[in-house]
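Report on the following structure.
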There are 2 protein chains.
Amino acid sequence: MKARSGEAQASERVDPFSICRISSSVKELDKSGVLFMEGDPAQHVYVVKSGLCFSFRYHEDGRRQIIDLAFPGDFVGLEALTQEQFVSGLSALTPAELVAYPVDDFTQRCYAEAALSRTLVECIAREQVILTKRLVGVAHSSASQRIAHFLLEVRVRALTASELHPVGAGAENHCLLSDCGAFTLNLPQAVIADTLGLSIVHVSRTLSKLKDDGLIEDSPAGLRYMNVDGLKAVAQWEGLAPWFEAS
Amino acid sequence: MKARSGEAQASERVDPFSICRISSSVKELDKSGVLFMEGDPAQHVYVVKSGLCFSFRYHEDGRRQIIDLAFPGDFVGLEALTQEQFVSGLSALTPAELVAYPVDDFTQRCYAEAALSRTLVECIAREQVILTKRLVGVAHSSASQRIAHFLLEVRVRALTASELHPVGAGAENHCLLSDCGAFTLNLPQAVIADTLGLSIVHVSRTLSKLKDDGLIEDSPAGLRYMNVDGLKAVAQWEGLAPWFEAS
DNA sequence: CGTAGCCTTGACCGACGTCAATGATGGTGG
DNA sequence: CCACCATCATTGACGTCGGTCAAGGCTACG
């Protein structure tokens, strides 16, 4: 088997649940529940089993920066592998389940099975690419670009996640919903704002503009994507990352 | 040996050169030389042996985002492990040497030696923490905060790197210089601007303000840090990361 | 001496934040 | 069924941070 996954399709992604043979327990979170906070002792590594979560940090001035969303199948709290304390918190946007693996077991297993290390490296590398993209975006893009990009990113990741983990996706119930043809997203604007480093007010204004342009629309279920290609144009979309399907 | 490194001092950091047993070659770069560009086929993983490098990406509008500086001892181009192409370019700020390891050898060795995988995971995780910090900073801080933070970050990383790799540090010659007591930094303002997502003009203005406040000073060798504590106050400095010495 | 980098400074302007008021929605208890 | 409150979204007025443009200075180098 070839180790490099550059040419991998989404369907070939390693399955994070493959590590389930090691001792594990499941944590359940309510909506807005907090699994751990920045600074908490880091004794477990987690995989999101169902629901939608996000990792975040607080800035000294009290503002929250959302580092990344975490979809079913995503690793979370990997900092535990290299540090005593979490450097970011983790909270849930919807009721969620996470599988917890004690760091020590996990580490030992890494030593025992190079393939697991490998999986890990790939997961982290994937995450890193998303982060650098976001970094470039936050630094250099206008609010509408950032927001359009964010909307597209969430869509792709949600679709990918639900393909891979149709069972426990769960996020559809509350936040995401891919109905006939059109994708619909229901997130508090505060989440978008804190992810992209914008104010809620400006997010609202920018979304209104996107609505005026017919790219999205309000619906009872949330934001409805009316014109994905239009969004891509605004976002100057180049795809999320090589290993995600273009779609 | 305990695998977790949260409690590690700088002196206990894993030595990236420990992988030198696998086939490798040294690449030399001139000042401003480019090792690879975004999109190039990724066939090697590198470790900076001497000099100062940086990884970057171009935004669609042509602006350059510097992702991170790379000091002697730092891994570079780790994307090669998981992707066919580099997602960022790498260039040198000073004449530099980099050790190149073919990905395939590297990968095989990862399978053979879990400890190497482990080292890798730690390096990437470390990098990730820096990235998330930068993300928070770029999104929520004022120019003077960002710049002060950047100055401090470079100082710590340069000091750490030169402790670990006193031989091949090399960066001192051109960019960094820790003379009697005061640290001195000589970087083009364009580098600071592109790292922090600011315009050169504004970097200049902000540095002038810091000079007015007596925190830094021009010197023939570059910027001289006159008041590190003052800088820390401006930057709301909380340390770079747990594994770096406070200093 | 002329040219090329790099830095500085001023004038101007736009994007985005803040503050504040107003609506919509939905859950809870009377 | 309605009153009440909490949460979230919208909208306007206004200020500011930082970008852009343009001009000029300083060194280094041929």
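Just so it is clear, the values below take in all heavy atoms, side chains as well, and ignore hydrogens, waters and symmetry mates. So that the names make sense, note that chain A is the first sequence line, chain B the second, and so on, each numbered from 1. All figures in this text were calculated on a predicted structure; none of them were measured in a lab.
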Exercise. Looking at NE2 of A:His140 and CG of B:Leu198, how far apart are the two atoms once the value is rounded to the nearest 0.5 Å?
Worked result: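 These two atoms lie 9.0 Å from each other.
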I'd like to know if the side chain of [X] reaches the main chain of [Y], judged simply by a donor and an acceptor atom lying under 3.5 Å from each other, with no hydrogens or angles considered.
X	Y	value
A:Arg57	A:Val87	yes
A:Asp30	A:Gly33	no
B:Thr94	B:Leu52	yes

Nearest-Å distance for atom pair [atom1]/[atom2], residues [X] and [N]:
X	N	atom1	atom2	value
B:Ile200	C:dT8	CD1	P	11 Å
A:His59	C:dG17	NE2	P	14 Å
B:Lys31	C:dC6	NZ	C1'	11 Å
B:Leu93	C:dG5	CG	P	17 Å
B:Leu223	C:dC7	CG	P	10 Å
A:His202	C:dC19	NE2	P	17 Å
A:Leu196	C:dA15	CG	P	18 Å
B:Leu207	C:dC7	CG	P	9 Å

Any side-chain hydrogen bond (donor to acceptor under 3.5 Å, both in side chains) pairs touching residues 207-218 of chain A, not counting sequence neighbours?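 Matches after skipping sequence neighbours: A:Lys211-A:Asp218.
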Contact class for [X] (heavy atom, under 4.0 Å): base, sugar-phosphate, or nothing?
X	value
B:Ser208	sugar-phosphate
A:Leu198	sugar-phosphate
A:Val203	nothing

OP1 or OP2 of C:dG5 under 4.0 Å from side-chain N/O of B:Gln189: no
Quick note, B:Arg205 side chain, CB onward, closest among C:dG10, C:dC16, C:dC7 is C:dG10
(request) In sequence, state the C-alpha distance, the side-chain angles, and the governing distance for B:His59 and A:Ser141, and then conclude on side chain to side chain donor-acceptor pair (under 3.5 Å). (result) CA-CA 9 Å; B:His59 203 229; A:Ser141 304; 3.2 Å; yes
Which of A:Arg134, A:Lys232, A:Lys133 passes salt bridge (Lys or Arg N to Asp or Glu O under 4.0 Å) with A:Glu153? It is A:Arg134
In the 5' to 3' direction, the nucleotides of DNA chain D bounding the stretch that comes under 4.0 Å of a heavy atom in chain A are D:dA9 to D:dA13
